[in-house]
Amino acid sequence: MSNPLHPGATIGILGGGQLGRMLLVAAARLGFKTHIYDPSPNPPAGHVAARVFTAPYDDLNAIRAFAESVEIVTFEFENIPADALNAIEEICPVLPGGTALVVSQDRVLEKDFIKGLGLKTAPYAQVDDLESLQRGLDQVGTPAILKTRRFGYDGKGQARIDDPSQAAKALDAIDRRPALLEGFVEFEREISVIGARSIDGTVICYDPGENVHETGILRTTTVPATITNAQATDAVILTGQILNALNYVGVMGVELFVTRQGLLVNEIAPRVHNSGHWTQNGCVIDQFEQHIRAIAGWPLGDGQRHSNVVMTNLLGDEASCPQMLARDATAALHLYGKTESRPGRKMGHINRITGPAGG
Ligand code: AMP
C-alpha cells in the first residue's frame with residue numbers, strides 16, 4: 001500500500017452487512033472505491049459497492065482474487081478465519097492487524113490480555129469440560145454466565161447459571177464447546193468507548209455512550225452517558241491503553257461495565273461498533289470516516305461531540321414503515337436496505353438529537 005492512500009484507490013471490506021455498508025459510504029465520501037466480500041448473495045453493502053465477491057470465507061482462491069483487486073483490506077466483523085486472513089496478508093495489508101483479531105476472537109485470550117494490561121474484568125475461568133466448569137463455579141461463584149470462547153455475538157452462545165447444579169445443563173446449552181465462565185456483574189450501567197488510532201500512533205476517543213441491551217441485543221445508546229467526569233476520563237484512558245498495546249490502526253469499540261468497584265472491561269470489538277452509530281449525527285467526523293481515515297494513513301478527525309444523541313436500533317418489523325419514522329424531524333433515519341426482516345434482526349437505526357453538547 002502506498003501510504004497515505006490516495007482517493008481513487010480501492011479498499012476491500014470483508015463482510016457486507018450494515019457496518020460494511022456504512023464504512024463504504026464513508027470511504028466513497030473521501031473518494032475511495034470499495035469492493036465487498038461476503039458469502040451471502042445481495043448483502044446490504046453490495047448495493048453501494050463498486051464490486052461484490054460472493055464466496056465462502058474458506059474459498060481461498062476467491063479470497064486471493066478479492067485481495068488482488070484492492071490496495072488494502074479491512075473488515076466489519078471479527079470472526080474471520082485465520083486462513084483467509086493469512087492468504088490476504090500475503091497479497092496486501094489487512095488493518096486493523098491480526099493480533100487484535102486473534103485476541104478478540106477468543107474470549108479467554110481477550111480476558112487474559114485485558115488482565116495483563118492491569119485492567120479489571122468480571123471474575124472468569126476457562127472451561128473445557130464439566131470438571132473445569134465445576135472448578136470454575138467454585139472460583140467465580142453464582143450467578144454466572146457461560147459463554148462460548150468463539151463465535152458468540154449479540155448474546156448468542158451464552159447460558160446463565162444460577163446454581164452449581166445447573167452446570168451440566170448449561171454446558172449442553174452451548175453444545176459442550178470450549179467456553180469462558182464469567183461471574184455475573186451487578187453493574188450500575190453499561191457504557192462503551194469508540195476509540196481510533198492512526199498509523200502514526202495518534203489516539204482519539206469519542207465520548208462514552210451509555211448502552212441499554214434487551215435480550216443481549218443493543219437497543220439504545222445515549223450520549224452523554226450518566227457517569228462522572230472521572231469515570232469518563234478513566235474509560236477513555238483505558239481505551240487508549242488497549243489501542244496502544246495492540247499497535248492498533250483503525251476504530252475499536254470497548255464495552256465496559258460501570259460498577260461500584262470501578263470500570264470492568266466486558267469486551268473489545270476490533271471494528272466499528274453499533275454503539276458508535278450516534279457519531280454519525282453527533283460529531284463532524286463519525287466512526288466510519290474515522291476508521292477509513294486511520295487505515296488510509298490519513299490524519300484523524302477530532303471526533304468532538306457537538307450534539308447530545310439517543311441512538312435507537314430498529315429491530316425486526318420496526319423499520320417496516322419508514323415514512324412514519326421520517327415524520328420526526330429531529331430523528332436521522334439510517335436504513336440498511338435489508339429486504340427480509342426477522343425478529344431481533346437489525347434493520348436500521350435512528351439518531352435522535354436531544355440538544356447541543358453541554359447545553
Ligand atoms: P457479550 O456478548 O459478552 O457482550 O454480552 C452481551 C450482554 O450481556 C452484555 O452487554 C451485558 O448486558 C450482558 N452480560 C454479558 N456478560 C455479563 C456479565 N458477566 N454480567 C452481567 N451481564 C453480562
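Count residues from 1 along the sequence. Both counts, for ligands and for their atoms, begin at 1 and track the order of listing.
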Consider ligand 1: state whether an atom of it lies below 4.0 angstrom from any non-hydrogen atom of Gln158. yes

Among the heavy atoms of Ala144, does any lie under 4.0 Å from an atom of ligand 1?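 No, Ala144 has no heavy atoms under 4.0 Å from ligand 1.
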
Structural part of Asn211 in contact with ligand 1, heavy atom criterion under 4.0 angstrom: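 Asn211 to ligand 1: no contact under 4.0 Å from either part.
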
Using a 4.0 Å heavy-atom cut-off, which part of Arg107 comes near ligand 1: side chain, backbone, both, or neither?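 Only the side chain of Arg107 comes within reach of ligand 1.
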
Atom indices of ligand 1, in the order listed, that fall short of 4.0 Å to a heavy atom of [X]:
X: Ile145; result: 16 (N), 17 (C), 18 (C), 23 (C)
X: Glu255; result: 4 (O)
X: His213; result: 10 (O), 12 (O)
X: Glu190; result: 9 (C), 10 (O), 11 (C), 12 (O)

Closest candidate by heavy atom, reference atom 18 (C) of ligand 1, pool Arg160, Glu110, Glu182, Glu186: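 It is Glu182 that holds the nearest heavy atom.
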
Considering residues at least two apart in sequence or located in another chain, which fulfil the salt bridge (Lys or Arg N to Asp or Glu O under 4.0 Å) criterion with Glu76?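 Applying salt bridge (Lys or Arg N to Asp or Glu O under 4.0 Å) to Glu76 gives none.
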
With sequence neighbours excluded, residues passing side-chain contact (heavy atoms from CB on, under 4.5 Å) with Ser40: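 For Ser40 the side-chain contact (heavy atoms from CB on, under 4.5 Å) partners, ignoring immediate neighbours, are Asp38.
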
For the rings on [X] and [Y], is their centre-to-centre separation under 6.0 Å?
X: Phe32; Y: His6; answer: no
X: Tyr57; Y: Phe77; answer: yes
X: Phe288; Y: His277; answer: yes

Exercise: identify the closest heavy-atom pair between Pro96 and His291: CD-CE1, 3.8 Å

State whether the number of non-hydrogen atoms from other residues, nucleotides or ligands found under 6.0 Å of Asp138 atom CG is greater than 12. yes

Is there a nitrogen or oxygen of Gly216 sitting under 3.5 Å from a nitrogen or oxygen of ligand 1?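 Not met; the criterion fails.
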
Has ligand 1 got any nitrogen or oxygen that is less than 3.5 angstrom from a nitrogen or oxygen of Phe187? no

To the nearest 0.5 Å, what is the distance between CG on Asn211 and OG on Ser192?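 Reported to 0.5 Å precision, the distance equals 4.0 Å.
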
